[in-house]
Q: 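After the structure tokens below, expect a handful of questions from me.
No hydrogens, no waters, no symmetry mates; every other heavy atom, side chains included, goes into these values.
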Amino acid sequence: MVKFDKLSYPTTGEKIEVVGNKLKFPDKPIIPVLEGDGIGRDIMRATRRVLDAAVDKCYAGKKKINWFDIYAGEAAQAKYGEVLPQDTFKAIKHFIVALKGPLTTPIGGGFRSLNVTLRQVLNLYACVRPVKYFEGVPSPVKEPWKMNVIIFRENTEDVYAGIEWAKGTKEVKKLINFLNKTYKLHIRSDSGIGIKPISVTATNRLIRKAINHAIEHGRKSVTIVHKGNIMKYTEGAFRDWGYKLAAKEFPNQVITETELEKKYNWQQPEGKVVIKDRIADSMLQQILTRTDEYEVIATPNLNGDYLSDACAAQVGGLGMAPGANIGDFVGLFEATHGTAPKYADKDMVNPGSLILSGCMMLEYLKWQEAADMVYKAVGDTIKQKRVTYDLHRLMEGATKLKTSEYASAIIENMG
């Protein structure tokens, strides 16, 4: 049993286990929960109520989530005197699946993003972002129902590795001098320098997870999104390694887009997943103009950040966009938006992102019935035009609900 510094080990519930390289889920798992900063307090209360109600209605006590409160951000600073205590890492590693509210990410100096640190330390290499439209949600596009993608964003490398040096420092002067002299470059002396690593190891495990998802869920294609026309040995390599991995590990399950054209005259064979690739800037256009041609997307870190937000904008914004950060086994399910401190403790913001992330968590636990119940209830509540202020201001004839009231409406629609 793991020992914590300032946490007591839960007295109820069971631990999720890894058995034979597979996860074994008990009926009453212990799930660590990070409330988050700012609006996290409001949306986490709402989310726990919704998830608990769905589990109770579906399984009548046979299954139950045993929540285990852990700390990061402002709450951790108050309890531990630091924003990311070791207890938090220990709890997530030990119990394997966790739910997390938004944490404050500072801009400029100071400590780096807590979110990125959690992903890197826990080796949660895949940021998984499904984006799907709920009928009735206001959208800036004409046909938002065409959006139904799941983005696999590499989480540990690219510019998010945080390898950089500030302008004018001794380190950056030394590096610029070395690069200019050794490789005959012309980097300006008043530059900051960052390094963008992309490895075959990180690429392969992400592409593998994306293809496995497509196969398991009957998705027709996996699109590798990259800027390889310019960054040939990082993002271009990501593309090349992705194709090689697909051909080597999934020879009977995948075909390339070129094969689809030349061998099959664009008629996709049953049971085959098409592997294709798109340049990142072109993809940001095509996700608007040819939305329903894309189902699973695999991409390096920064591209995935841009693309997932651009997709979310078509279906109602980040308030309707769930997400998870997943490694080989550990899954951290979280809201995809920020802390919005000016709305903190006002019981007014949309908890949709975190509720839908909770649905992803239920699916990860193999509790599909409960997840489906929440999805349907959220959809029904939106159709009834009973929504929080962000959607209310865009919907004619809608009823504005508080965060807590919106959760109650969803539970009511579980029937």
Q: For the side chain of Gln314 and the backbone of Ser139, is there at least one donor-acceptor N/O pair under 3.5 Å apart?
A: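 Looks like no, no N/O pair under 3.5 Å.
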Q: Please determine whether a side-chain nitrogen of the Lys or Arg among Glu412 and Arg386 lies less than 4.0 Å from a carboxylate oxygen of the Asp or Glu.
A: yes
Q: Given 3.5 Å as the limit, does a donor-acceptor pair link the side chain of Asp158 with the main chain of Pro300, or not?
A: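 Not confirmed, Asp158 side chain does not pair with Pro300 backbone.
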Q: Determine the minimum heavy-atom distance between Val222 and Ala210, stating which atoms define it.
A: CG2-O, 4.1 Å
Q: Would a line drawn from the ring center of Tyr406 to the ring center of Tyr389 be shorter than 6.0 Å?
A: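 No, the ring of Tyr406 stays outside the 6.0 Å limit from the ring of Tyr389, centre to centre.
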Q: Looking only at heavy atoms, which two atoms of Ala335 and Ile43 are closest? And how far apart?
A: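 Distance-wise, the nearest heavy atoms are CB-CD1, 4.4 Å.
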Q: Whether the side chain of Glu405 engages the backbone of Ala407 through a donor-acceptor N/O pair (distance < 3.5 Å, no angle test) should be reported.
A: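 Checking the backbone N and O of Ala407 against the side chain of Glu405, no donor-acceptor pair under 3.5 Å is found.
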Q: Below 4.0 angstrom, N of the basic side chain to O of the carboxylate: do Asp42 and Lys346 qualify?
A: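 Answer for the salt bridge query: no.
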Q: Between Tyr294 and Gln286, is the side-chain hydrogen bond (donor to acceptor under 3.5 Å, both in side chains) condition met? List the steps.
A: CA-CA 9 Å; Tyr294 301 99; Gln286 293 203 21; 2.3 Å; yes
Q: Which atom pair, heavy atoms only, marks the closest approach of Tyr125 to Lys209?
A: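 Of all heavy-atom pairs spanning Tyr125 and Lys209, the closest is OH-CE, 3.4 Å.
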Q: State, without any angle test, whether Ser404 and Arg49 hold a side-chain donor-acceptor pair at a distance under 3.5 Å.
A: no
Q: Are any of the side-chain nitrogens in Glu257 or Arg278 under 4.0 Å away from the carboxylate oxygens of its partner?
A: yes
Q: Testing Arg45, Arg48, Arg41 for salt bridge (charged side-chain N to carboxylate O under 4.0 Å, His left out) with Asp69, which one passes?
A: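 Going through the options one by one, the only one that passes is Arg48.
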Q: So how far is it from Trp367 CH2 to Cys359 SG, rounded to the nearest 0.5 Å?
A: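 The CH2 atom of Trp367 sits 13.0 Å away from the SG atom of Cys359.
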Q: Restricting to non-hydrogen atoms, name the atom on Asp37 and the atom on Glu74 that form the minimum distance, rounded to 0.1 Å.
A: OD1-N, 2.9 Å
Q: Cation over ring, Lys6 on Tyr80, under 6.0 Å and within 45°?
A: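 Relative to the ring axis of Tyr80, which defines the angle, Lys6 lies inside both limits.
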Q: For a quick check under 3.5 Å, do Trp145 and Asp292 share a side-chain donor-acceptor pair by atom type?
A: no
Q: Please tell me whether Asn325 and Asn155 have a donor and an acceptor in their side chains that are separated by less than 3.5 angstrom.
A: yes
Q: Would Arg119 and Tyr160 count as a cation-pi pair here, with the cationic atom under 6.0 angstrom from the ring centre and within 45° of the axis?
A: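 Judged by the rule, Arg119 and Tyr160 form no cation-pi pair.
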Q: Test your reading of the model: is there a side-chain donor-acceptor pair from Tyr343 to the backbone of Asp347, 3.5 Å cut-off?
A: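 Pair absent, no side-chain N/O of Tyr343 close to backbone of Asp347.
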Q: Indicate yes or no: does Glu171 engage Lys173 in a salt bridge with an N to O separation below 4.0 Å.
A: no
Q: Less than 4.0 angstrom from a charged side-chain N to a carboxylate O is my criterion; do Asp281 and Lys227 meet it?
A: yes
Q: Charged N to carboxylate O under 4.0 angstrom, Arg129 versus Asp309?
A: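 Salt bridge: yes.
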Q: Suppose we call two aromatic rings close when their centres sit under 6.0 Å apart. Are Phe68 and Phe4 close by that rule?
A: yes
Q: Would you call Asp277 and Arg239 a salt bridge, using N to O less than 4.0 angstrom?
A: yes
Q: Decide, yes or no, whether a salt bridge links Lys100 with Glu35 under the criterion of side-chain N to carboxylate O below 4.0 Å.
A: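 No, Lys100 and Glu35 are not salt-bridged.
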Q: Will you find, in the side chains of Gln384 and Asn413, an N or O donor that is under 3.5 Å from an N or O acceptor?
A: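 Indeed, the side chains of Gln384 and Asn413 share at least one donor-acceptor pair under 3.5 Å.
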Q: Is the positively charged end of Lys93 above the ring of Phe329, judged by distance under 6.0 angstrom from the centroid and angle within 45° of the axis?
A: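 Here Lys93 fails the 6.0 Å and 45° test against Phe329.
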Q: Would you say Tyr375 and Glu363 are linked by a side-chain donor-acceptor pair, where the criterion is simply a distance under 3.5 Å?
A: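 The criterion, which ignores hydrogens and geometry beyond distance, is satisfied for Tyr375 and Glu363.
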Q: Among side-chain atoms of Glu143 and Thr291, is any donor-acceptor pair under 3.5 angstrom?
A: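 Glu143 vs Thr291: no donor-acceptor pair found between side chains.
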Q: Ignoring hydrogens, what is the shortest heavy-atom contact between His392 and Thr399? Give both atom names and the distance.
A: CD2-C, 3.8 Å
Q: State whether a side-chain donor-acceptor pair under 3.5 Å links Thr336 with Glu334.
A: no
Q: Any carboxylate oxygen within less than 4.0 angstrom of a Lys/Arg side-chain nitrogen, looking at Asp380 and Lys376?
A: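 Counted as a salt bridge, because a side-chain N and a carboxylate O are separated by less than 4.0 Å.
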